[in-house]
Structure formats: structure tokens, C-alpha cells
Amino acid sequence: MTTTPPTTADITSAYDVADLRSAFPGLDPALARFDGPGGSLVPAAVADAVADMLRAGVCQRGGPTAVGRLADETVLAARAAIARFVGLADPRGVVFGRSMTAVTFDMARTLAQDWGPGDEVVVTRLDHDANIRPWVVAAERAGATVRWLGFDPVTAELDDVAPLLTERTRLVAVTAASNLFGTRPDVAGIARAAHEVGALVHVDAVHLAAHVPVDLEALGADLLACSPYKFFGPHLGALAADPALLERLRPDKLLPSSDAVPERFELGTLPYELLAGVTAAVEFAESWSMAAVEEHERTLLTRLLDGLGAIEAVTVHGRPARRTPTVLVGVDGLAPAEVSRRLAERGVAAPAGSFYALEASRHAGLGDEGGVRIGLAAYTTAGEVDLLLEAIEAVAGE
């Protein structure tokens, strides 16, 4: 028996944003939220999962007690959840850490143990600094060379990576989606080119994972990092990789701590309550389908871009062909921070800045102040988009 896949119409008609919004206690009808790229709101089910674990009396994994077994089960469930969410076949390849930044710094230090003069690392000016600085610092300490991949300042599309790759390239670090412009580069193509010269590929999927289904294998990522707090979960970071790759790496660790993979990469006691929240967040996302979220946001993005294009004093920074529903704008004659402040007075949350994508902001000619970032989310409504457009038009006309 064959099953017919759902059409776009099926997905759209099944998506009830009002019903979804009822799951988020943090939503305030007096405030239209466009700050999701900085961290999504949390469903009640996730908050409950965190609170329940805190109440359960868990201390450490393992041992003969029920609470010890609960801690162990919580860790394994969270690994399995992230593995499903990013398309990793073996949950033993999931590493948890304080944040994506912390996990990436740890991985950079570990990989750089085998780098030296003559070796090369490629980073992009489009990335969040968390997928730039760890590799730059590690390469410089190892005496390796850093090669920078630029992008078109107008379209925010990455340049061709091929001219930067050599037989001495050890790693390419690239974003799956720009948190500043929304650009979705051809990561799979970049990965193929990198693999042809024997380089590893580290993909920052933090911004992508909140908006579309993620498939580590399809992206060609050897290492993929994400942050559950961007997709309905608590604040921590995760890295996913083939356990066979992790087995070859020797991170710094305490002598008595486990040498097993992935535990050898996790420093200290894991936050069991947050891991319970991770599992709940992934289950929430699965219940709504990230494909449905993607279609809902695509519809709203068209509405947003059409509306912004009709406001003469507004400039949209970046015109990528493939993007997440994240748009960076400027208003003639006003600093981004002032625009954000005036929008807040009208009940609209749209923050301003470079959002740690400092290289991207500078390369695009926006300096350190960046722009006003408008981020659509799974719980954004068409009415909120219209309210935002009305508020921006009013601010632009003042």
C-alpha cells in the first residue's frame, strides 16, 4: 500500500496558528513578537517537563535507585530526540553543552590538536561569530591559516568556496542559515567541495532548525550544532556527529570522568531538567510538523516582504534566493535602535543590532549597529504582520 504525501494545501489547511498559540503561556496579546531569532517562546509542555524533573529528586545518573535510572533515561531520551530532529542515525553522536558557543569552542580546541603551520581553515563572513571565532582562535594558536569566504553585500549570498579550498584545508565552518539576513547557503554544495579535498564540515544550524526540517546527512555536515532554545526548548547547546568521528577525537577531560562517546565531550554533570525540556520541545515540534511550520512562515514572509517593499523609507538588507523568514531592515534617517524603541511603543517587539553576526554586518556596510531584525515564528499571525507593517510605516513617516 502506498501513501500519498501531503500537498502544500493539505499542510496549510491543517495548520491552526490560533490553536498552536494556546500552547505558549508567554504570548501577550498586547505585544506582537518578532524577536524569535533571539530565542523562541516555550510551550507549557516544555516548562512542565523542566519543572517535573526538578521536582523528581534527581541527583546523578546510574546506580540502583529509581531516581538514578530516571536521570539516565532522561539523558538517553534527549539524545534520541535531538538525533531525530537533525536526521542523525545514531543518538550516541549527540553531545550536550552549556550553549552552542561553548560546544563549538570545545570542538575547535579538540580538532586543532592535529593542526599546524600550513594547515588551513575556512570560515565565512556571513556567520554568527559562534561559528567564526572558535575556529579563528584555534587556528591561530595552532599556527594554521584562516581563509575568509565573503558574500555579496547586496544579496547576502555567499561567494564560491572552491577558490579557497586546497589539499591543506582541514575544516570548513559554514552557517545553514544566516541569523542576520536569513540567507540559506548551498551547504550541501559547499560540503561536497570540502569533502573532495578531505576537509571536515562544521555546520551552524542554530537559525535553520527553528524554521525547517533539518537533515544532517542531506546537508553533508560532519558536525552540526544547534540550540534547543531556538526551537521551543530550554537554554543549552547540542552538537551532532557520527559517533565514529567522535571516537577519533580526544578532548580535554577530567581523569575520572567517562571516556565513552559522547560523554567524553560533556564537562561535568548534565542539566537533567533542561534535557527533559529538550525532549518535550522536540516532541512538540514533531506534533506540529516542521514542514507545516515552514509553509506557514513562507506565506507570512511573502506578506511581510510585499508590505515592506511598499514603504518608501524602508530598506530591506539582503535579497537571498533561499531564506528563512528573517528580515533585516533600516528606516531612512533613523538609527536601528531608535526604530526598535519606537516600534516597542506601538506594541511590536523587533530588536536592533548585529546579533553577534558582526562580520556580516560590517561586510554589508552596516557597521556595528546593524539593523532592525524582524523574525517570523511558528506562532506569528497574519494580523501581527499587518500590525508590524502599520507600525513601521508610522515610524518611517514621523
Practice prompt. Decide whether a cation-pi geometry holds between Arg373 and Phe355; the criteria are a distance under 6.0 Å from NZ or CZ to the six-membered ring centre and an angle within 45° of the ring axis.
Written response: yes
TODO: Could you tell me whether Glu345 atom CD has more than 12 heavy atoms of other residues or ligands within 6.0 Å of it?
DONE: yes
Practice prompt. Verify salt bridge (charged side-chain N to carboxylate O under 4.0 Å, His left out) between Glu157 and Arg184, making sure each step is shown before the conclusion.
Written response: CA-CA 8 Å; Glu157 298 275 12; Arg184 292 177 58 185; over 6 Å; no
Checklist line | Glu217, CD: over 12 other non-hydrogen atoms inside 6.0 angstrom | finding: no
Charged N to carboxylate O under 4.0 angstrom, Asp252 versus Arg109?
no
task = In plain terms, say whether Glu384 and Arg303 are close enough for a salt bridge, that is, a side-chain N and a carboxylate O under 4.0 Å apart.
result = no
Subject >> Glu359/Arg133 ion pair, N-O < 4.0 Å >> reply: yes
So CG of Leu180 and CG of Asp127: to nearest 0.5 Å the spacing works out to 11.5 Å
**Report entry** Flag, side chain of Arg264 to backbone of Leu249, donor-acceptor distance under 3.5 Å
**Finding:** yes
Cationic tip of Arg170 within the cone over Trp115's six-membered ring, i.e. under 6.0 Å and within 45° of the normal?
no
**Report entry** Donor-acceptor contact present, side-chain Ser340 to main-chain Ala350, <3.5 Å
**Finding:** yes
Between Thr380 (side chain) and Ala377 (backbone), is there a donor-acceptor pair under 3.5 Å? yes
Cluster check Met290, Leu376: I/L/V/M/F/W/Y, side chain < 4.5 angstrom: no
Is the backbone N or O of Leu358 less than 3.5 Å from a side-chain atom of Ser361, with the two atoms forming a donor-acceptor pair by type?
no
Rounding to 0.5 Å, atoms NE2 (His207) and CZ (Arg323) come to a distance of 9.0 Å
The single option from Phe24, Phe85, Tyr379 that satisfies ring-ring contact (aromatic ring centres under 6.0 Å, His included) with Phe284 is Phe24
Over 60° means perpendicular and under 30° means parallel, so tell me whether Trp288 and Tyr15 are parallel, tilted or perpendicular.
perpendicular
Using atom types as modelled and distance alone, determine if a side-chain donor or acceptor of Asp129 lies under 3.5 Å from a backbone N or O of Ile132. no
Could you go through the side chain to side chain contact (heavy atoms under 4.5 Å, CB included) check for Leu165 and Val172 one step at a time? CA-CA 9 Å; Leu165 300 175; Val172 175; 3.7 Å; yes
Apply salt bridge (charged side-chain N to carboxylate O under 4.0 Å, His left out) to residues Arg55 and Glu273 and explain how you reach the verdict. CA-CA 9 Å; Arg55 295 188 186 101; Glu273 66 280 6; over 6 Å; no
CG (Leu389) and CD1 (Ile374) are apart, to the nearest 0.5 Å, by 7.5 Å
- In terms of hydrophobic clustering (I, L, V, M, F, W, Y; side-chain heavy atoms under 4.5 Å; direct or indirect links), are Leu304 and Ile311 co-clustered? yes
task: Determine, stepwise, if the pair His317 / Phe181 fulfils ring-ring contact (aromatic ring centres under 6.0 Å, His included).
output: CA-CA 7 Å; His317 302 299; Phe181 303 111; 7.4 Å; no
In this structure, CZ of Phe265 is separated from NZ of Lys253 (nearest 0.5 Å) by 11.0 Å
*asked:* Under 4.5 Å between side-chain heavy atoms, counting indirect links through other Ile/Leu/Val/Met/Phe/Trp/Tyr residues: same cluster for Val146 and Val161 or not?
replied: no
Discussion item. Any heavy-atom pair between the side chains of Met100 and Ser227 that's under 4.5 Å?
Written reply: yes
Output for pair (Phe34 CZ, Leu387 CG), nearest 0.5 Å, gives 7.0 Å
- Task: Before accepting this row, confirm whether a basic side-chain N of the pair Arg192/Glu196 lies closer than 4.0 Å to the acidic partner's carboxylate O.
- Result: no
Checklist entry - For the side chain of Glu120 and the backbone of Arg147, is there at least one donor-acceptor N/O pair under 3.5 Å apart? => result no
| Can any side-chain N or O of Asp90 pair as donor or acceptor with the backbone N or O of Gly93 at less than 3.5 Å? | no
Taking atom types as modelled, find out whether His128 and Asp204 have a side-chain donor-acceptor pair closer than 3.5 angstrom. no
**Message:** Using only atom types and a distance under 3.5 Å, with no angle test, would you say the side chain of Glu266 pairs donor to acceptor with the backbone of Phe96?
**Reply:** yes
Output for pair (Leu200 CG, Leu111 CG), nearest 0.5 Å, gives 6.5 Å
Is a side-chain N or O of Ser178 found less than 3.5 angstrom from the main chain of Thr183, in a donor-acceptor match?
no
If you group Ile, Leu, Val, Met, Phe, Trp and Tyr by side-chain heavy-atom gaps below 4.5 Å, do Val206 and Val174 land in one group?
-> no
Discussion item. If you count heavy atoms of other groups shown closer than 6.0 angstrom to CZ of Arg141, is the number above 12?
Written reply: no
Item checked: N/O donor-acceptor pair under 3.5 Å between Arg79 side chain and Val94 backbone -> yes
Point to revise | Thr110 vs Arg250, side chain to side chain contact (heavy atoms under 4.5 Å, CB included): CA-CA, chis, key distance, verdict | key: CA-CA 7 Å; Thr110 300; Arg250 310 302 304 183; 5.7 Å; no
Count the heavy atoms of every other residue, nucleotide or ligand shown that sit under 6.0 Å from CZ of Arg98, and state whether that count exceeds 12.
no
Do the side chains of Val46 and Phe231 join up, straight or via other hydrophobic residues, at under 4.5 Å, putting them in one cluster? no
